[in-house]
Amino acid sequence: MYVDFILKQFNEFRGDIALVTGNKEIPYDELERKYRYWKRYLDHRDIKNSIVAVIGEFDSETIGLMLAIIENQNVYVPISYAVKNTERYLEISETKYLINPYENKTEEFDRKVTHKILLEIIDNRKHPGLILFSSGTTGEPKAAVHDLVPMLEKYHTQGKKIRSIAFLLFDHIGGFNTVMYSISNGCTMVTVKERSVEEVCKAIEKYNVKVLPTSPSFINMILYSRIYEKYDISSLYLVTYGTEPMPEATLIEFNKIFPNIRLKQTYGLSELGIMRTKSESSNSLWLKLGDETHRVDIRDGILWIKTEMAMLGYLNAESPFDSDGWFNTKDKVEVKGEYIKILGRESELINIGGEKVYPAEVESVILQIDGVKDVIVFSESNQVLGNIVIAKVILTENLNEKEYKKIIKKHCNNNLEKFKVPVKIYFEKEDFVTSRLKRKR
């Protein structure tokens, strides 16, 4: 019932390649067989109307199992291998069953559903659901609960048949969107054994990949590694980026090196799903948000969104919705007619004696300097000003750090207002990228 529209696509494209994983090409009829197998497995164990977690990565087993979990009206909890504290995720989500699809092993927990949001979706609505954990770098991740019925509606509309990389993680809203779009449209999705620049670019060349959904941090890694000199990635016609602010310097450099690859900014949150966006141009950070399913409002420079696809709420945090159902994204934005520019999270803003500094702006200026591989900007408490700007920099090779400190200071003084110039500059060797390939501050 819930995935019939996808099974119809499986039948229509049964001979086409659905998935490339581990150098193996898997056609759609094989994906359907995996679904049928897992449907029988769940039925045999009477796993219905429950909360079911799966730890894994995108492949034919997990995709077939995901569809069977949804069809049996369960609440689906995908958990990536990147997660360190799996037990805590299972506890927060009140998971009843944990399935290891590679060993046909199911672990059952002695738990009863107690949270009112979970009771609403399982007992009252009797709908399949989805629990996604936020990927914040500080504090305990928040568990967002979705009713999957309105979320699945968007995949009923046919889109382009494309070949893409499964880059965003198994338990990320962008990863869920990638796989659902792909299997709903008869596309081919290419997986990689690790999300390194080498492996991703090798796969793009080998499998003639057309679309790469990724993050600004990974785009920057492609540029400074110069991996494009080793692998031909010219098959790409579209690179989509989101999850964090894009430094303008990175955007300009990518467009200069790859003028035939279009860059498109995306916007999505675990709490709201993926929104339809329109970039002003490939080399612009201005984008248009909002459609028939997502309404947008700007309040005091902060982006608010209202949508029927929004989560029902958090399992372990207070509701972020106002009384009219608007969600505060906490993203600070600038407005230009119908377009907005995302400056960064309000929490990342640095207050310098009453003046506001957005780390992404300073990072973009420093990334303009030849020899700078990457940079992160953050604040440090100061008795006089409240805070000061700090920069940690990685150089592309063994350059003179003392000289580069002077170069960075001079460049910032020439291109930034005085209060935005880093007071302290440190040099690091280790990349500023999390396991989820986002910049860590």
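Side chains included, hydrogens not; waters and symmetry mates left out as well; all remaining heavy atoms used. Values in this document were obtained by computation on a predicted structure and should not be read as measured data.
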Show your reasoning for whether side chain to side chain donor-acceptor pair (under 3.5 Å) applies to Q265 and T277.
CA-CA 7 Å; Q265 187 173 180; T277 63; over 6 Å; no
Looking at K330, I want to see if its NZ is surrounded by more than 12 non-hydrogen atoms of other residues, nucleotides or ligands under 6.0 Å.
no
Closest non-hydrogen atom pair, R295 against W326
O-CZ3, 3.4 Å
Nearest 0.5 Å please: distance from the CG atom of L42 over to the CG atom of L65.
6.0 Å
Measure the CG-CD1 distance between L287 and I342 for me, rounded to the nearest 0.5 Å.
5.5 Å
Salt bridge R345-E348, side-chain N to carboxylate O under 4.0 Å
no
Ion pair check, K142 and E271, cut-off under 4.0 Å
no
Provide the closest heavy-atom pair for F327 versus M311 in the form atom of the first, atom of the second, distance.
CE1-CE, 4.4 Å
Restricting to non-hydrogen atoms, name the atom on L343 and the atom on E334 that form the minimum distance, rounded to 0.1 Å.
CD1-CG, 3.7 Å
For the side-chain hydrogen bond (donor to acceptor under 3.5 Å, both in side chains) test, which of E194, E198, K193 pairs with S196?
E194
Can you establish whether the number of heavy atoms outside E318 located under 6.0 Å from its atom CD is more than 12?
no
Under 6.0 Å from the six-membered ring centre of Y339 and within 45° of its axis: does the NZ or CZ of K288 meet both?
yes
Does the pair E120/K116 count as a salt bridge with the N-to-O cut at 4.0 Å?
no
Stepwise, does the side chain to side chain donor-acceptor pair (under 3.5 Å) test hold for N72 with Y2?
CA-CA 9 Å; N72 273 24; Y2 298 108; over 6 Å; no
Evaluate whether atom CG of D300 has more than 12 neighbouring non-hydrogen atoms of other residues, nucleotides or ligands under 6.0 angstrom away.
no
Counting only heavy atoms from other residues, nucleotides and ligands, does the tally under 6.0 Å from NE2 of H44 exceed 12?
no
Check the pair T250 / I252 against side chain to side chain contact (heavy atoms under 4.5 Å, CB included), numbers first and verdict last.
CA-CA 6 Å; T250 301; I252 292 169; over 6 Å; no
The test is side chain to side chain contact (heavy atoms under 4.5 Å, CB included); show your working for L90 and L98 and say whether it passes.
CA-CA 8 Å; L90 298 176; L98 172 63; 3.9 Å; yes
Are E346 and K356 close enough for a salt bridge, meaning some N to O gap below 4.0 Å?
no
Greater than 12 external heavy atoms within 6.0 Å of E380's CD:
yes
Is there a salt bridge (Lys or Arg N to Asp or Glu O under 4.0 Å) between K336 and E280 once you walk through the steps?
CA-CA 11 Å; K336 183 179 72 174; E280 185 182 43; 3.0 Å; yes
Looking at the rings of Y89 and F133, which for Trp means the six-membered one, are their centres under 6.0 Å apart?
yes
So with a 6.0 Å cut-off around CZ of R45, is the heavy-atom count from everything else above 12?
yes
Could you check Q9 against E32 for side chain to side chain donor-acceptor pair (under 3.5 Å), going step by step and ending with a plain yes or no?
CA-CA 10 Å; Q9 296 298 82; E32 182 181 7; over 6 Å; no
Hey, does the Lys NZ or Arg CZ of K96 hover above the aromatic six-ring of F109, less than 6.0 Å from the centre and inside 45° of the axis?
no
Compute the centroid of each ring, for F170 and then for F176, and state whether the two points are separated by less than 6.0 Å.
no
Decide whether a cation-pi geometry holds between R33 and W38; the criteria are a distance under 6.0 Å from NZ or CZ to the six-membered ring centre and an angle within 45° of the ring axis.
no
Give a yes-or-no answer on whether the side chains of E57 and T191 include a donor-acceptor pair shorter than 3.5 Å.
no
Carboxylate-amine/guanidinium contact R88 E140, below 4.0 Å
yes
Any side-chain donor paired with an acceptor under 3.5 Å for Y81 and D171?
no
Could you state the interatomic distance from CE (M1) to CD1 (I70), rounded to the nearest 0.5 Å?
12.0 Å
Is it true that D59 and T21 share a donor-acceptor pair across their side chains at a distance under 3.5 Å?
no
Once side-chain hydrogen bond (donor to acceptor under 3.5 Å, both in side chains) is applied, do any residues pair with E107, and if so which ones, sequence neighbours excluded?
none
Is E71 salt-bridged to K39, cutoff N-O under 4.0 Å?
no
To the nearest 0.5 Å, tell me how far I162 CD1 sits from M189 CE.
11.0 Å
S184 side-chain N/O to Y181 backbone N/O, donor-acceptor pair under 3.5 Å
no
Contact list for residues 146-161, test salt bridge (charged side-chain N to carboxylate O under 4.0 Å, His left out), sequence neighbours left out:
D16-K161, R125-D147
Verify side chain to side chain contact (heavy atoms under 4.5 Å, CB included) between D322 and N328, making sure each step is shown before the conclusion.
CA-CA 8 Å; D322 70 8; N328 182 358; over 6 Å; no
Does CD in E108 sit with more than 12 non-hydrogen atoms of other residues, nucleotides or ligands closer than 6.0 Å?
yes
Side-chain donor-acceptor pair under 3.5 Å between N185 and Y155, yes or no?
no
Apply side-chain contact (heavy atoms from CB on, under 4.5 Å) to A18 and list each qualifying residue two or more places apart in sequence or on a separate chain.
Y28, L31
NZ/K373 to OH/Y224 distance, rounded to the nearest 0.5 angstrom?
4.5 Å
Would you say NZ of K105 has more than 12 non-hydrogen atoms from neighbouring residues, nucleotides or ligands within 6.0 angstrom?
no
Within this structure, what is the CD1-CG distance for the pair I173 and L130, rounded to the nearest 0.5 Å?
6.5 Å
Under a 3.5 Å cutoff, is there a donor and acceptor pairing between the side chains of S215 and S217?
no
